There are 2 protein chains.
Amino acid sequence: MRQYDHPAPETLAMTEVLRALSDPLRLAIVRRLDREGAQTCAALIGERPKSSMSHHFQVLRDAGVIHTRIEGVTHYNTVRRDVLDTRFPGLMDAILIARAD
Amino acid sequence: MRQYDHPAPETLAMTEVLRALSDPLRLAIVRRLDREGAQTCAALIGERPKSSMSHHFQVLRDAGVIHTRIEGVTHYNTVRRDVLDTRFPGLMDAILIARAD
DNA sequence: GATATTGTTCGATTGGTTTCGAACAATATG
DNA sequence: CATATTGTTCGAAACCAATCGAACAATATC
């Protein structure tokens with residue numbers, strides 16, 4: 001059961017995190033993961049075909065915003081709050097709390 | 001002495017602000033404006049030709065991140081902290097305070 | 001082992017962004 | 001009014017990002 005490589009906390013770049021979150025669909029994904037906890041990729045499909053969703057999850061993963069745990073055939077995604085909060089204090093709070101898009 | 005149109009506070013979009021700040025050069029510009037106060041475009045040239053800098057200032061202005069005041073022939077740029085802090089509380093603090101890039 | 005499920009990878013298209021030099025506009029100064 | 005200064009606009013090139021269908025890989029189930 002192979003797992004993904006996630007970037008180490010120290011290597012997260014502010015600009016990459018911001019870029020990953022600057023897409024409306026990705027921001028919506030992260031907001032939902034934050035509210036509802038771990039979600040599979042499939043649970044969030046509906047807006048786009050799965051190849052598109054897979055792409056966006058990968059962008060978020062590469063930027064260090066989400067963590068993906070593989071269990072069998074399903075991928076559970078979570079926001080890396082601990083890592084993000086340590087490296088960029090207050091950032092995710094500000095982004096996730098905001099009601100404006 | 002014509003002035004720019006700046007987007008109204010209510011119309012700022014989180015994703016546009018994040019996108020504007022997701023470029024390393026633009027983030028550096030905003031950090032410097034925040035630390036040193038109003039700066040002309042020219043004061044920040046050095047990394048890129050002025051046409052490139054003009055482009056980045058425009059992206060920041062369109063996203064609502066900076067305000068540009070024209071005085072004679074020079075353009076003074078400032079971060080719209082009041083507007084940004086009202087609409088996205090804590091966001092600029094988190095982005096500007098962070099030491100990581 | 002055949003089949004279904006979950007998600008990735010590939011390849012192509014489209015559209016947007018960055019970059020920069022050159023020409024331009026507007027104000028200021030000699 | 002000629003000239004310098006500040007910054008914009010234009011046009012073209014290069015690059016990057018989003019999108020999606022189709023094929024694929026890996027696990028699970030019958």
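Letters A, B, ... are given to chains in the order of the sequence lines, protein chains preceding strands, and every chain is numbered from 1. Note that these values count all heavy atoms, side chains included, but never hydrogens, waters or copies made by symmetry. It should be emphasised that the depicted structure is a prediction, and the values quoted were computed from it without experimental measurement.
The distance between atom OH of A:Y4 and atom C1' of C:dT8, rounded to the nearest whole Å, is 6 Å. Separating the CG atom of A:N77 from the P atom of C:dG7 is a distance of 8 Å, rounded to the nearest angstrom. The separation between A:Q3 atom CD and D:dT27 atom P is 11 Å, rounded to whole Å. Following rounding to the nearest Å, A:H75 (NE2) and D:dT27 (C1') show an atom-to-atom distance of 10 Å. Separating the CG atom of A:D23 from the C1' atom of D:dC16 is a distance of 14 Å, rounded to the nearest angstrom. Note: CZ (A:R69) to P (C:dT6) measures 16 Å, nearest angstrom. When the P atom of C:dT8 is taken as reference, atom CG of A:D5 falls 14 Å away, rounded to whole Å. Distance, B:E16 CD to C:dT17 C1': 14 Å, rounded to whole Å.
No donor-acceptor distance shorter than 3.5 angstrom exists from the side chain of A:R61 to the backbone of A:T68, with no hydrogens or angles considered.
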With the criterion being N/O to N/O and under 3.5 Å, what pairs connect the protein with nucleotides 11-16 of chain C, and how long is each?
none

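The same ILVMFWY cluster, assembled from side-chain heavy atoms under 4.5 Å apart, contains both A:L25 and A:M92.
Smallest separation of non-hydrogen atoms from A:L12 and A:R80: CD2-NH1, 4.5 Å. Across B:P7 and B:A63, no two heavy atoms sit closer than the pair CG-C, 4.4 Å. Summarising the geometry of A:F88 relative to A:A13, their closest heavy-atom pair is CZ-C, 3.9 Å, with the distance given to 0.1 Å.
Side-chain N/O atoms of B:R26 include one lying less than 4.0 angstrom from OP1 or OP2 on C:dT18. Residue A:Y76 places none of its side-chain N or O atoms closer than 4.0 Å to OP1 or OP2 of C:dT6. In terms of phosphate contacts, A:R48 brings no side-chain nitrogen or oxygen within less than 4.0 Å of OP1 or OP2 of D:dA18.
Residue pairs meeting the side-chain hydrogen bond (donor to acceptor under 3.5 Å, both in side chains) criterion with at least one member in residues 10-26 of chain B, sequence neighbours excluded: B:R26-B:H56.
Between A:C41 and A:R19, the residue anchored nearer the 5' end of DNA chain C, judged by the nucleotide with its closest heavy atom, is A:C41.
Within residues 49-66 of chain B, the residues that have a heavy atom under 4.0 Å from DNA chain D are, in order of number, B:K50, B:S51, B:S54, B:R61.
Here B:I70 contributes atom CD1 and B:Q3 contributes atom CD; the two are 5.0 Å apart, rounded to the nearest 0.5 Å.
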Step by step, work out the ring pair (Phe, Tyr, Trp, His ring centres under 6.0 Å) result for A:H75 and A:F57. CA-CA 10 Å; A:H75 295 202; A:F57 277 102; 9.2 Å; no
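Checking B:D34, B:I29, B:L27, B:L33 one by one against B:R31, the side-chain contact (heavy atoms from CB on, under 4.5 Å) holds for a single residue, B:L27.
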